[in-house]
Amino acid sequence: MIREELTEKILDIKREKGWTWKHITDEIGGMSPVLVIGALLGQHKLVKPLAKKAAALFGLTSAEEAMLNEVPYRGTGTSMPPTDPLIYRFYELVLVNGPAWKAIIEEEFGDGIMSAIDFNMEFEREPNPKGDRVKITMSGKFLPFKYYGNEQGIPDYGFKEA
């Protein structure tokens, strides 16, 4: 079995049982629902105790349980540019607003990036009379670029200079 087939098996079971992602993530627990769902969709790994819980919930084999614990080849499954309208809107957000986000982060923190590994994300439904809104909160650690080969008096890292 390849990882994509395990994802399809999990989605088939989810449909057959009529489960919601909330039900599934409540049953598995242990980490952010975004990470658990991402793992079940093949984009993250589940640590062994959570892979065991997922395998029990979905009635998976020991080989399939082990596959949930493997580090996946991330980013596969979404064409570039994305064709799904919802995913495309996130892509569009980055294309249109990315340069401004970059400028703001660099002005505030210095020369570096916001980590997508040391990262938190939360989704909320925000009631609104004109139609409910999706509120996404992202928090990533700032990782400064390392200036290697630097001479004495030149900073080692790209933190904002005073």
Side-chain angles (χ1 to χ4, degrees), residues 1-98 101-102 104-105 109 111-127 131-146 148 157-159:
M1 173 179 282
I2 61 171
R3 188 60 186 85
E4 291 80 10
E5 292 169 337
L6 179 54
T7 296
E8 286 306 315
K9 179 177 180 175
I10 288 168
L11 291 172
D12 285 345
I13 293 167
K14 178 186 179 291
R15 282 188 285 274
E16 286 172 16
K17 303 273 188 183
W19 290 341
T20 63
W21 286 116
K22 178 163 180 22
H23 167 76
I24 293 167
T25 58
D26 285 350
E27 290 292 315
I28 296 171
M31 61 175 67
S32 162
V34 173
L35 293 177
V36 172
I37 295 166
L40 296 173
L41 295 175
Q43 295 301 306
H44 296 292
K45 74 172 242 173
L46 287 177
V47 294
K48 287 182 180 180
L50 299 185
K52 185 174 199 61
K53 287 174 115 178
L57 180 65
F58 286 96
L60 304 178
T61 67
S62 58
E64 292 166 337
E65 177 182 333
M67 194 178 285
L68 289 174
N69 180 247
E70 293 174 359
V71 177
Y73 194 80
R74 295 178 171 101
T76 59
T78 301
S79 61
M80 291 306 285
T83 56
D84 179 87
L86 193 144
I87 296 173
Y88 181 81
R89 290 285 105 43
F90 284 100
Y91 181 73
E92 181 181 42
L93 279 168
V94 173
L95 287 175
V96 173
N97 296 295
W101 296 343
K102 177 179 168 39
I104 292 167
I105 289 169
F109 293 92
D111 182 12
I113 62 169
M114 181 179 82
S115 175
I117 293 178
D118 190 342
F119 187 80
N120 297 315
M121 183 184 304
E122 294 181 14
F123 288 81
E124 296 176 59
R125 179 181 218 119
E126 193 175 84
D132 289 356
R133 302 180 66 81
V134 178
K135 181 177 179 181
I136 302 170
T137 304
M138 297 186 294
S139 173
K141 180 180 181 181
F142 178 74
L143 301 172
F145 278 102
K146 183 177 189 312
Y148 55 92
Y157 292 95
F159 288 113

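Because only heavy atoms are used, hydrogens play no part in the values below, and waters and symmetry mates are left out as well, while side chains stay in. Predicted model only: the values in this text are computed from it and were never measured.
Taking the side chain to side chain contact (heavy atoms under 4.5 Å, CB included) definition, one finds that W101 meets it with L93, V94, N97, sequence neighbours left out. Scored by the ring-ring contact (aromatic ring centres under 6.0 Å, His included) test, Y91 finds Y88 as partners (sequence neighbours excluded). The ring-ring contact (aromatic ring centres under 6.0 Å, His included) search around F159 returns none, not counting sequence neighbours. By the side chain to side chain contact (heavy atoms under 4.5 Å, CB included) test, I117 pairs with S115, sequence neighbours left out. Under the side-chain hydrogen bond (donor to acceptor under 3.5 Å, both in side chains) criterion, D111 pairs with Y147, not counting sequence neighbours.
Nearest heavy-atom pair across M121 and I136 is CG-CG2, 4.0 Å. Across every non-hydrogen atom of V36 and G29, the tightest pair is CG2-O, 3.9 Å. Closest heavy-atom contact between V34 and H44: O-CD2, 4.4 Å. Of all the heavy atoms in G158 and P144, the pair that sits closest is N-CB, 3.8 Å. Heavy-atom minimum distance, M31 versus V47: CE-CG2, 4.4 Å.
Panel note: side chain N69, backbone L46; a donor-acceptor pair is recorded below 3.5 Å. Distance alone, capped at 3.5 Å, places no donor-acceptor pair between the K45 side chain and the V71 backbone.
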### Task
I would like to know whether E27 and W19 meet side-chain contact (heavy atoms from CB on, under 4.5 Å); could you show each step before the answer?
CA-CA 11 Å; E27 290 292 315; W19 290 341; over 6 Å; no
### Query
side-chain contact (heavy atoms from CB on, under 4.5 Å) between T7 and E4: does it pass, once the steps are laid out?
CA-CA 5 Å; T7 296; E4 291 80 10; 5.5 Å; no
### Task
Report the C-alpha distance between E126 and V134 in whole Å, list the side-chain angles of each, state the deciding distance to 0.1 Å, and finish with yes or no for side-chain contact (heavy atoms from CB on, under 4.5 Å).
CA-CA 6 Å; E126 193 175 84; V134 178; over 6 Å; no
### Check against side-chain contact (heavy atoms from CB on, under 4.5 Å), L60 and L6
CA-CA 9 Å; L60 304 178; L6 179 54; 4.1 Å; yes
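A salt bridge is absent between K9 and D12; no separation between the charged side-chain nitrogens and carboxylate oxygens falls under 4.0 Å.
Here L11 contributes atom CG and K14 contributes atom NZ; the two are 7.5 Å apart, rounded to the nearest 0.5 Å. Between D132 atom CG and E124 atom CD the span is 12.5 Å, to the nearest 0.5 Å. Note that CG of L143 is 10.0 Å distant from CE of M114, once rounded to the nearest 0.5 Å. With rounding to the nearest 0.5 angstrom, the CD atom of E65 is 11.5 Å from the CD atom of E70. In this structure, the separation between CD on E122 and CE on M138 is 12.5 Å, given to the nearest 0.5 Å. The CG atom of L40 sits 6.5 Å away from atom CG of L68, with the distance rounded to the nearest 0.5 Å.
The environment of CZ in R125 is sparse: at most 12 heavy-atom neighbours from other residues, nucleotides or ligands sit within 6.0 Å. The local environment of NZ in K102 is sparse, with at most 12 non-hydrogen atoms from other residues, nucleotides or ligands closer than 6.0 Å. At most 12 non-hydrogen atoms from other residues, nucleotides or ligands lie less than 6.0 angstrom from OH of Y157. Residue R133 qualifies as open at atom CZ: its count of foreign heavy atoms under 6.0 Å is 12 or below.
For the pair L57 and I24, the minimum side-chain heavy-atom distance is below 4.5 Å.
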Scan the side chains in residues 74-82 for donor-acceptor partners under 3.5 Å anywhere in the protein, sequence neighbours excluded, and list what turns up.
unit_1: R74; atom_1: NE; unit_2: Q43; atom_2: O; d: 3.0
unit_1: T76; atom_1: OG1; unit_2: Y73; atom_2: O; d: 3.2
unit_1: S79; atom_1: OG; unit_2: P81; atom_2: O; d: 3.4

